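Just so it is clear, the model here is predicted, and its values are computed rather than measured. Computed from heavy atoms alone, side chains included, the values below leave out hydrogens, waters and symmetry copies.
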Amino acid sequence: QQADPAKAQRSALAGIGRTATPAEVKAWDIDVRPDFKGLPKGQGSVRQGEVIWEAQCASCHGSFGESSAVFTPIAGGTTAADVKSGRVDGLMPGANQPQRTTMMKMSTLSTLWDYINRAMPWTSPKSLTANEVYAVTAYILNLGNVLPEDFTLSDSNIREVQGRLPNRNGMTTAHAMWPGRELGGTDRPDVQGSACMTNCGGEAVVKSFLPDYARNAHGNLAEQSRNIGPTRGADTTRAALA
Amino acid sequence: QQADPAKAQRSALAGIGRTATPAEVKAWDIDVRPDFKGLPKGQGSVRQGEVIWEAQCASCHGSFGESSAVFTPIAGGTTAADVKSGRVDGLMPGANQPQRTTMMKMSTLSTLWDYINRAMPWTSPKSLTANEVYAVTAYILNLGNVLPEDFTLSDSNIREVQGRLPNRNGMTTAHAMWPGRELGGTDRPDVQGSACMTNCGGEAVVKSFLPDYARNAHGNLAEQSRNIGPTRGADTTRAALA
Amino acid sequence: AAATATQSHAQAADGDPNILNLPAHSKGLGQPVAARPYGLPSEFEKNLQRRESPGLTRVGQASVSFCPLQGLFGIITPSGLHFERHHQGWWDIDPSKHRLMVNGSDDSMLKRPMVFSMDELMRLPNVSRMHFIECGANTGMEWGNSAVPTVQYTHGMLSCSEFTGVPLRTLLDLCGVDFKRAKFILAEGADGSSMTRTIPISLIMSGEVLVAYGQNGEMLRPENGYPLRLIVPGVQGVSWVKYLRRIEVGDMPYATKDESIHYVDLQPSGLHRQYTSIQEVKSVITSPSGGQVLLDKGFHTITGLAWSGRGKIKRVDVSTDGGRNWKPARLEGPVLAKCLTRFNADFVWDGKPAIFQSRAVDETGQIQPNYHELRKVRASRSIYHNNAIQSWQLEENGEVKNVQV
Amino acid sequence: AAATATQSHAQAADGDPNILNLPAHSKGLGQPVAARPYGLPSEFEKNLQRRESPGLTRVGQASVSFCPLQGLFGIITPSGLHFERHHQGWWDIDPSKHRLMVNGSDDSMLKRPMVFSMDELMRLPNVSRMHFIECGANTGMEWGNSAVPTVQYTHGMLSCSEFTGVPLRTLLDLCGVDFKRAKFILAEGADGSSMTRTIPISLIMSGEVLVAYGQNGEMLRPENGYPLRLIVPGVQGVSWVKYLRRIEVGDMPYATKDESIHYVDLQPSGLHRQYTSIQEVKSVITSPSGGQVLLDKGFHTITGLAWSGRGKIKRVDVSTDGGRNWKPARLEGPVLAKCLTRFNADFVWDGKPAIFQSRAVDETGQIQPNYHELRKVRASRSIYHNNAIQSWQLEENGEVKNVQV
Ligand code: HEC
Ligand code: HEC
Ligand SMILES: [Ca+2]
Ligand SMILES: [Ca+2]
Ligand SMILES: [Ca+2]
Ligand SMILES: [Ca+2]
Ligand SMILES: [Ca+2]
Ligand SMILES: [Ca+2]
Ligand SMILES: [Co+2]
Ligand SMILES: [Co+2]
């Protein structure tokens with residue numbers, strides 16, 4: 001009887017919970033995976049997307065996805081060369097890109113479709129139809145120069161479009177920070193500190209500190225620390241004491 | 001240097017805290033011990049005490065210390081025989097005393113003096129002079145038939161009065177519930193349960209339960225339990241379900 | 001009960017409308033961060049409050065409010081629901097004006113009396129420890145018979161927190177206490193009652209007794225003694241003096257009002273046991289418990305708390321037949337000395353009556369007694385220190401009641 | 001500073017008026033029990049609040065409020081001060097209408113998809129465990145240089161609670177999951193963002209991952225996911241999905257928006273590390289810390305927190321000279337896996353400048369790196385998973401500032 005404890009427990013717990021109906025699973029199972037499992041059939045053109053974007057998205061993200069009013073810009077920072085290579089040059093050291101946009105980082109197209117479908121527009125998430133999500137996704141890809149203006153994105157061509165994403169080759173799972181072995185990472189953390197106890201390294205020289213003009217940038221710190229105990233919050237409305 | 005860690009720490013911690021001044025110690029060191037250390041000189045008569053009692057105490061405790069409006073009665077339940085024996089018969093099993101009054105339990109007179117001095121009258125504690133505390137203490141003892149009406153209690157006769165307390169021999173420290181060995185108790189707890197795991201004792205018969213009329217005595221229990229989870233609070237405004 | 005039990009069941013052929021019709025929170029925008037700079041429980045949790053037991057006391061400032069154990073999880077008591085016991089009301093004291101004095105009953109006890117501000121106390125080496133606090137009178141109403149309906153009222157003078165503070169021993173060292181003469185301390189509060197209790201120096205030497213300012217990560221709550229409270233692990237709550245203002249070092253016990261007239265345990269001999277302080281091994285099932293109604297047959301988790309003023313909990317057994325047969329419960333970690341331990345056990349309800357009991361054993365080998373074993377020695381007039389096994393009777397209608405067997 | 005430092009000093013020849021003139025609370029009657037059925041901190045503690053970092057985010061519903069670590073004690077975070085991170089605002093959801101669904105990415109993953117109500121979930125066998133939660137972006141603003149003034153803003157996306165809930169493994173067992181096929185789950189929230197994150201089945205099999213309803217003894221707070229949240233010990237907070245409505249069992253990772261566009265760590269190669277999840281060994285001194293001013297020379301307690309997503313903390317060292325010399329700190333108990341550990345160390349201030357650092361080591365032997373060691377490998381554009389040693393510079397005037405050495 002101890003052979004299958006899971007089974008034994010299943011029977012003890014019988015009657016707790018019930019089978020989900022197909023309609024229920026359908027209502028909630030909205031995720032779209034990188035292999036596009038979960039993606040509903042449908043289609044939408046760049047032009048249809050532009051109309052939706054202007055009406056429901058641009059107020060927050062800007063007409064060209066350039067706004068950082070509510071979040072980092074959605075489009076920008078990718079080139080035709082990136083579309084070819086699948087690696088965004090703007091992410092290389094010293095590339096001097098002012099922001100890392102959505103388009104620069106996105107390596108899986110399912111991610112964009114899934115996220116818009118579940119969470120946008122921000123104040124009324126889950127209000128778009130599948131076709132509308134296709135359309136607006138197409139429009140964003142057009143803003144990123146991934147799709148031409150006359151393109152219609154659909155469940156049948158989306159895999160090809162995936163192959164055009166500027167940063168599709170931009171991800172790695174070769175690290176030790178995944179809590180399992182499923183992603184082919186490494187076992188040994190990449191960074192290790194030092195156990196040195198005495199006379200470690202050279203003199204401690206301060207290399208970075210907050211500029212004086214920012215002293216009060218987080219409000220008066222005197223009001224952010226307890227008024228008893230061994231310390232007080234610094235009164236940052238005044239210059240530091242000599 | 002490790003010889004006296006306490007001393008080492010004392011020097012590391014030097015400058016934290018300061019010596020208390022004599023006036024400060026005097027202002028706060030108000031306790032009176034069973035050996036009457038801490039008792040200020042002074043005196044007060046039963047008659048003076050009666051005046052104070054009527055003015056400042058009786059409203060809560062009753063003219064004869066009999067009231068249970070705010071607390072158990074202060075006087076009552078002691079006899080002249082108790083004054084002799086120093087053991088209150090009313091505390092014996094079956095004595096059928098309705099209440100255990102202060103006078104029945106009190107074994108040390110310092111306790112009464114100290115407590116009135118620090119905490120009474122309830123709404124303005126520490127407002128009585130030492131002489132007033134002597135007086136009102138004398139009055140309470142008179143209510144308990146420990147002192148005659150014409151007595152004047154003072155720091156010089158208080159030890160004798162201690163020898164008249166009805167329950168002065170009523171305490172024991174012969175138990176295992178003091179967290180040290182200073183009081184000559186025992187090491188072995190007086191009660192031990194049973195480790196029996198199967199077929200222990202006879203059938204479980206319910207010997208005590210709450211009467212139906214008290215069902216709602218603590219308010220509606222439906223409002224005192226969380227409204228989710230495996231249970232609900234019983235609706236005690238209604239009779240139990242069949 | 002049956003109606004609510006089927007809450008998750010598909011209510012139409014298609015399914016549950018709570019699933020099929022997306023809720024507003026799935027289709028809208030919620031509230032911003034720091035909308036509440038200091039947060040509170042959900043609006044749906046209002047039933048769990050600290051409450052007075054009607055008729056128990058006569059004035060609210062010399063009274064107790066009980067902790068709603070029936071709804072709590074784990075071992076940490078939310079500070080907002082911590083039980084209260086005041087003798088002359090609670091205060092919110094300005095900590096910048098609060099002082100702690102340490103003096104001797106006479107000059108021979110220490111080199112010098114001292115005064116500390118909160119600023120200074122909080123600079124000293126400190127420790128953080130998790131401990132239960134139980135009022136000596138907890139379960140006191142139940143000595144003679146079942147008297148109150150729920151675990152909030154039977155056992156709710158019990159709470160458990162992480163405390164932070166300075167070992168009292170450090171302060172005594174700073175004052176140069178003569179540990180050959182000194183045998184006891186008196187702890188005194190700053191409120192109207194200026195509560196006073198005697199503690200043996202031997203316990204303080206162990207480093208366990210703390211002068212604490214922290215509770216569950218923040219400062220003590222006003223109701224629990226802000227800004228300073230004595231922590232005396234394993235000892236009844238009355239010794240954990242709140243609003244602590246003074247420590248006197250002396251050579252005899254002080255027989256204060258709450259050591260002579262209260263917190264004394266009347267024995268069958270007619271003698272009172274004085275200075276009974278340790279909270280002995282005890283446990284209680286917090287759910288299912290009195291006043292609750294089981295919604296359904298089938299599997300249930302029996303959950304409860306165990307604790308001992310003598311050290312760690314070693315095991316807890318659970319009975320569902322009023323103490324005839326017992327099964328070991330699972331102890332949740334961490335299991336700490338003089339701290340609550342959460343236990344859980346499985347129960348499959350077949351619809352028949354049952355009587356739930358739990359029985360704790362501590363690391364010293366002391367076993368929690370049943371009422372028969374306890375009363376055989378102490379009868380039923382002790383008021384304090386009732387650590388008997390609690391019985392909850394489950395009736396066929398699902399209702400659970402406080403009984404004694 | 002000198003003026004407040006002498007707070008406890010006798011201010012007149014006779015002594016301190018705060019002692020000589022008894023305060024009102026020693027001479028009067030306070031407030032009754034249950035005056036506040038659910039209590040709150042003292043009026044004098046208002047400075048400790050959760051706060052937004054000015055300029056960090058643009059809208060309050062997609063933002064973070066930071067926990068005021070500079071004033072906290074021990075390891076338990078008061079729930080009212082728990083940090084917040086919302087992506088589409090927080091809600092106070094009616095728990096009687098909340099459901100949890102478990103389904104498969106296709107029919108082969110499990111025998112049957114299931115639905116559970118809160119009533120049902122709370123009947124299942126549950127556990128209580130203490131764990132830290134840290135946002136993957138904690139200390140993210142400091143990758144390049146010192147950017148914010150206090151530990152609230154550098155490290156305040158960190159909290160620690162006792163959680164109570166059902167091992168997710170139990171629910172997967174009930175659905176008859178085929179553990180030969182199933183390799184990942186997707187956890188999904190019920191709020192507007194319907195946050196989704198991938199977790200490996202292997203982690204769930206350990207029994208560590210919980211479907212939790214309890215936090216610090218009571219139900220989860222609305223800001224923290226009431227009534228149901230996934231607990232993924234050791235893993236960054238974004239995976240602890242709030243308002244949990246659905247678990248999907250599948251055979252590949254989901255690359256959701258917060259797994260592909262955010263919570264990816266940009267490396268010097270220009271590649272992003274994806275699925276970085278574990279919060280590696282880390283510590284910080286919480287006091288004295290940036291923005292605080294020491295009131296006095298002499299003895300001080302250096303106090304802080306250490307944690308590791310890989311297990312228990314083994315040791316913490318403290319330096320007061322910017323990392324040249326180190327001394328072991330004292331660890332307060334309990335020391336638990338994937339939980340905060342409080343450490344303390346002595347410091348006697350001679351009035352000269354100093355630089356405080358702490359360095360944690362976990363039971364796997366991983367040692368917290370300094371900025372030099374960390375940046376040598378990862379440069380400074382990762383945004384997430386900055387576990388470098390923090391430096392606080394103490395100046396001669398007593399003020400402490402955030403610096404990097
Ligand atoms: C009222 C403001 C608002 C509107 C309208 C809005 N968004 Fe957003 N959008 C946001 C915010 C805020 C975020 C960041 C959410 C978060 O923190 O997770 C966001 C995030 C996004 C992202 C993810 C960007 C990234 O890098 O994480 C995409 C894609 C997006 N929005 C697309 C849309 C589309 C398409 C529409 C219209 C159909 C839309 N948004 C309408 C405010 C808005
Ligand atoms: C406004 C009401 C009130 C007044 C006036 C008052 N008392 Fe009390 N007294 C109380 C209460 C309430 C208690 C119980 C306090 C507690 O719970 O510790 C008490 C307790 C006592 C006790 C201890 C009884 C016991 O068994 O614990 C004594 C003795 C006492 N009072 C004496 C006095 C004297 C003497 C005066 C006047 C000088 C006085 N009281 C005035 C309310 C009052
Ligand atoms: Ca059922
Ligand atoms: Ca490229
Ligand atoms: Ca000083
Ligand atoms: Ca007698
Ligand atoms: Ca004295
Ligand atoms: Ca799916
Ligand atoms: Co008590
Ligand atoms: Co985060």
Side-chain angles (χ1 to χ4, degrees), chain B residues 6 10 13 16-20 25 28-29 31 33-34 37 70 91-93 102 105-108 111 115 118-119 125 170-173 175 177-180 182-183 189-193 195 197-200 204-210 218 221 223-226 230-234 240-241, chain C residues 47 54 58-59 70-71 101 103 112-116 120 123 145-146 149 173-174 183 186 192-194 200 202-203 235 246 254-255 257 260-261 268 270-278 288 291-295 300 322-326 355 366-369 373-374 377 397 399 403-405:
Chain B
R10 258 198 313 279
L13 303 180
I16 302 185
R18 61 168 176 87
T19 304
V25 175
W28 278 13
D29 180 5
D31 66 88
R33 299 204 308 197
K37 185 172 261 185
V70 298
L91 294 172
M92 295 309 290
T102 309
K105 291 184 281 178
M106 184 171 49
S107 60
T108 36
T111 307
Y115 180 65
R118 75 172 55 245
M171 296 287 165
T172 175
T173 57
H175 56 75
M177 290 167 74
W178 171 252
E182 298 80 4
L183 301 177
D190 56 335
V191 180
Q192 174 70 326
M197 292 298 286
T198 48
N199 285 308
C200 316
V205 181
V206 170
K207 294 186 187 122
S208 176
F209 56 91
L210 294 177
H218 280 69
L221 301 182
E223 293 161 9
Q224 301 181 29
S225 218
R226 183 174 289 121
T231 64
R232 294 290 182 276
L241 297 173
Chain C
N47 282 2
R58 280 139 281 186
V59 274
Q70 65 274 18
M101 179 186 290
N103 71 291
R112 56 164 184 162
M114 289 186 75
V115 171
F116 299 90
E120 291 171 322
R123 278 171 65 185
N145 48 261
S146 300
D173 280 339
L174 283 178
K183 291 281 164 286
L186 181 77
S193 77
S194 295
S202 56
L203 193 67
V235 168
R246 191 170 70 96
Y254 285 80
K257 175 258 214 177
S260 292
I261 299 174
L271 286 175
H272 278 99
R273 286 186 175 167
Q274 199 176 13
Y275 301 113
T276 47
S277 300
I278 294 174
Q292 294 185 327
V293 184
L294 265 61
L295 294 183
H300 283 267
R324 271 189 71 77
N325 296 286
W326 297 84
I355 297 178
Q366 214 191 343
I367 305 171
Q368 185 182 6
E373 289 157 340
L374 183 65
V377 180
N397 60 12
E399 197 167 322
V403 301
Q404 296 186 357
V405 293

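Remark: C/Arg58 pairs with no residue by the side chain to side chain donor-acceptor pair (under 3.5 Å) rule, at least two apart or across chains.
Of the residues considered (B/His218, B/Lys37, B/His175), B/His218 shows the highest number of contacts with chain C, using heavy-atom pairs under 4.5 Å. Listed options B/Pro125, B/Gly180, B/Ser107, B/Gly233 were ranked by heavy-atom pairs under 4.5 angstrom with chain C; first place goes to B/Pro125. With chain B as partner, the option from C/Thr276, C/Ile355, C/Val403, C/Leu203 having the largest number of non-hydrogen pairs under 4.5 angstrom is C/Thr276. Considering only heavy-atom pairs separated by less than 4.5 Å from chain C, the leading option among B/Cys200, B/Ser208, B/Pro189 is B/Ser208. Contacts with chain B were tallied for C/His300, C/Met114, C/Arg112; C/Met114 has the most, counting heavy-atom pairs under 4.5 Å. If you tally non-hydrogen atom pairs under 4.5 Å between each of B/Met197, B/Glu182, B/Glu223, B/Met92 and chain C, the highest count goes to B/Met197. Ranked by non-hydrogen atom pairs under 4.5 Å with chain C, the options B/Ala234, B/Pro179, B/Ala119 are led by B/Pro179. Here C/Pro149 is the residue among C/Pro369, C/Pro149, C/Gly322, C/Gly71 with the most heavy-atom pairs under 4.5 Å with chain B.
With a 4.5 angstrom heavy-atom cutoff, C/Arg273 touches chain B via backbone and side-chain atoms both. Using a 4.5 Å cut-off between heavy atoms, C/Asn145 touches chain B through backbone and side chain atoms alike. With a threshold of 4.5 angstrom between heavy atoms, C/Leu374 approaches chain B through its backbone and through its side chain. Interface residue B/Val205: only backbone heavy atoms are found under 4.5 Å from chain C. Of the atoms belonging to C/Ile261, heavy atoms from both backbone and side chain fall under 4.5 Å from chain B. Heavy atoms closer than 4.5 Å to chain C are found in the side chain of B/Leu183, but not in its backbone. For chain B, the nearby part of C/Gln368 is the backbone; its heavy atoms alone come within less than 4.5 Å. Looking at B/Thr172, the atoms closer than 4.5 Å to chain C (heavy atoms on both sides) sit in the backbone and in the side chain alike.
Pairing each heavy atom of C/Tyr254 with each of B/Pro34, the nearest pair is O-CD, 3.4 Å. The shortest non-hydrogen separation linking C/Leu295 to B/Arg232 is CD1-NH1, 3.3 Å. C/Ser260 and B/Met171 get closest at one heavy-atom pair: O-CE, 3.1 Å.
Here the straight-line distance linking atom CG of B/Asp31 with atom CG of C/Leu186 works out to 5.0 Å at 0.5 Å rounding. With values rounded to the nearest 0.5 angstrom, B/Ser225 atom OG is found 4.0 Å from C/Gln292 atom CD. Taking OG of C/Ser202 as the start and NZ of C/Lys183 as the end, the distance is 9.0 Å to the nearest 0.5 Å.
Between the C/Ser277 side chain and the C/Val235 main chain, no donor and acceptor come within less than 3.5 Å of each other. Side-chain atoms of C/Gln70 come within 3.5 Å of backbone atoms of B/Gln224 as a donor-acceptor pair (strictly under, hydrogens ignored). The backbone N or O of C/Ser193 sits nowhere less than 3.5 Å from a side-chain atom of B/Tyr115 that would complete a donor-acceptor pair.
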